[in-house]
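Reviewing the structure listed below.
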Amino acid sequence: MDERLQTTPFRSCADEGWADAWRIYREAFPECEQWREEAYARAFDDPDFEADALRMEGAVAGLLFHWRYGPYRYVEHLAVDPALRGRNIGSQALTALRERCAGIVLEIDPPEDERSERRLRFYERLGFVRNDYPYVHPSYRRPFSPHPLVLMSYPGPLDREAARGFADFVRERILRRYSDHTDPQSPRL
């Protein structure tokens, strides 16, 4: 059986495989961390946004939604179909992305339980480092409920200026355009 990961870009919500990716997305993230599907329809026109299907044997096995941000890629959403976890799909996707860019930034839940600690260790095994800046991200949808997250970056830590610029990018470029917010106030550093 061929276990190689293939990545194919989505260009619209009508593309083959989008419904499978959307199902994985909806199951993987709490509603407050999800965009509305119509926001993705708009984001496909944004030259800095990329939505990739992660495929095994041609079938959608996961998704990787990311943004170009200066020299970095911001991994906003990475999810693997629960039935296919443990096959290194997420690791392969991030390794391939690392080869295409100078650096990566992503956010994770604070490591407060077994699941979130496993997620932290997963990223650390891939060479990501934790940035200890206080970082609070608002939810994408109403009712707005900010939640603390941990910034992680590859290949090394972000300096304060880069971390502040990243928070500004998320707030002004993503939340302002693609969330339910009309005037987002966070994240800020």
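In what follows, every heavy atom counts, from backbone to side chain, and hydrogens, waters and symmetry copies are set aside.
From L64, atom CG reaches atom CD of Q92 across 12.5 Å, with rounding to the nearest 0.5 Å. Taken from CZ in R130 to OG in S153, the straight-line distance is 12.0 Å, to the nearest 0.5 Å. One distance of note links CG of D45 with OG of S12; it measures 10.0 Å at 0.5 Å rounding. Between S186 atom OG and Y135 atom OH the span is 8.5 Å, to the nearest 0.5 Å. From E117, atom CD reaches atom CD1 of I108 across 10.0 Å, with rounding to the nearest 0.5 Å. A distance of 6.0 Å separates CG of D159 from CD of E161, quoted to the nearest 0.5 Å.
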Do Y40 and Y25 pass the side chain to side chain contact (heavy atoms under 4.5 Å, CB included) test, and can you show the C-alpha distance, the side-chain angles, and the key distance before you say yes or no? CA-CA 12 Å; Y40 281 107; Y25 175 81; 3.1 Å; yes
Should D109 and R115 be marked as a salt bridge (Lys or Arg N to Asp or Glu O under 4.0 Å) after you check the CA-CA gap, both sets of side-chain angles, and the distance that decides it? CA-CA 10 Å; D109 290 325; R115 183 177 181 189; over 6 Å; no
Starting from the C-alpha separation in whole Å, work towards a yes-or-no answer on side chain to side chain contact (heavy atoms under 4.5 Å, CB included) for L126 and T95. CA-CA 8 Å; L126 291 172; T95 298; 4.1 Å; yes
Starting from the C-alpha separation in whole Å, work towards a yes-or-no answer on salt bridge (Lys or Arg N to Asp or Glu O under 4.0 Å) for R118 and E114. CA-CA 6 Å; R118 256 192 336 264; E114 184 179 333; 3.1 Å; yes
Take L63 and L78 through the test side chain to side chain contact (heavy atoms under 4.5 Å, CB included) and record every step on the way to the result. CA-CA 6 Å; L63 58 93; L78 169 64; 6.0 Å; no
Test side chain to side chain contact (heavy atoms under 4.5 Å, CB included) on R173 and D46 and set out the steps. CA-CA 10 Å; R173 180 72 180 276; D46 192 314; 2.5 Å; yes
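Side-chain N/O atoms of W22 and E27 include no donor and acceptor closer than 3.5 Å. Inspection of the E31 and Y140 side chains reveals no N or O donor paired with an N or O acceptor under 3.5 Å.
Smallest separation of non-hydrogen atoms from L158 and Y72: CD2-OH, 3.4 Å. The two atoms that bring P157 and V129 nearest to each other are N-CG2, 3.3 Å, heavy atoms only. Between P155 and G103 the shortest heavy-atom distance is CD-CA, 4.1 Å. Between I24 and A79 the shortest heavy-atom distance is CG2-CB, 3.9 Å. Residue L84 comes nearest to A61 through the heavy atom pair CD1-CB, 3.4 Å, listed as atom of the first residue, atom of the second, then distance. In this structure, L5 and A93 approach most closely via the heavy-atom pair CD2-N, 3.5 Å.
Side chain of R141 to main chain of Q34: a donor-acceptor pair is present (N/O by atom type, distance under 3.5 Å, no hydrogens or angles). The backbone N or O of R98 lies less than 3.5 Å from no partner atom in the side chain of R73, so there is not a single donor-acceptor pair. Judged purely by atom type and a 3.5 angstrom limit, Y133 uses its side chain to pair as donor or acceptor with the backbone of R160. Proximity of a side-chain donor or acceptor of E107 to a complementary backbone N or O of L151 within less than 3.5 Å is not detected. With hydrogens and angles disregarded, a donor-acceptor distance shorter than 3.5 Å links the side chain of R171 to the backbone of P187. With N88 contributing its side chain and S91 its backbone, the two residues share no donor-acceptor pair below 3.5 Å. Between the S116 side chain and the P110 main chain, a donor and an acceptor come within less than 3.5 Å of each other. Formation of a donor-acceptor pair under 3.5 Å by the D52 side chain with backbone atoms of T7 is not found in this model. Judged by distance alone, the side chain of H77 and the main-chain N or O of E33 form a donor-acceptor pair under 3.5 Å. Remark: the backbone N or O of G165 is paired with a side-chain donor or acceptor of Y69 at under 3.5 angstrom.
The shortest distance between side-chain heavy atoms of R36 and D180 falls below 4.5 Å. With a 4.5 Å cut-off on side-chain heavy atoms, L175 and P138 count as touching.
Among residue pairs with one or both ends in residues 170-189, those qualifying as ring pair (Phe, Tyr, Trp, His ring centres under 6.0 Å) are W35-Y178, W67-Y178, F144-H181; sequence neighbours excluded.
A salt bridge does not link D168 with R188: every distance from a Lys NZ or Arg NE/NH1/NH2 to an Asp or Glu carboxylate oxygen is 4.0 Å or more. A salt bridge is absent between R177 and E172; no separation between the charged side-chain nitrogens and carboxylate oxygens falls under 4.0 Å. Checked for salt-bridge contact, R55 and E16 meet the test: a charged N lies under 4.0 Å from a carboxylate O. Ionic pairing of R100 and E50 is present here: one or more N-O contacts between side-chain nitrogen and carboxylate oxygen are shorter than 4.0 angstrom.
Considering only residues two or more places apart in sequence or on other chains, F122 meets the ring-ring contact (aromatic ring centres under 6.0 Å, His included) condition with none of them. With sequence neighbours excluded, the residues that form a ring-ring contact (aromatic ring centres under 6.0 Å, His included) with Y154 are F128.
Here the options are W18, F10, F65, the test is ring pair (Phe, Tyr, Trp, His ring centres under 6.0 Å), and the partner is F44; only W18 passes.
Between H137 and H147, the two ring planes are tilted [angle within 30° to 60°].
Put simply, L106 and V80 are part of the same group of oily side chains (I, L, V, M, F, W, Y) that touch within less than 4.5 Å, one to the next.
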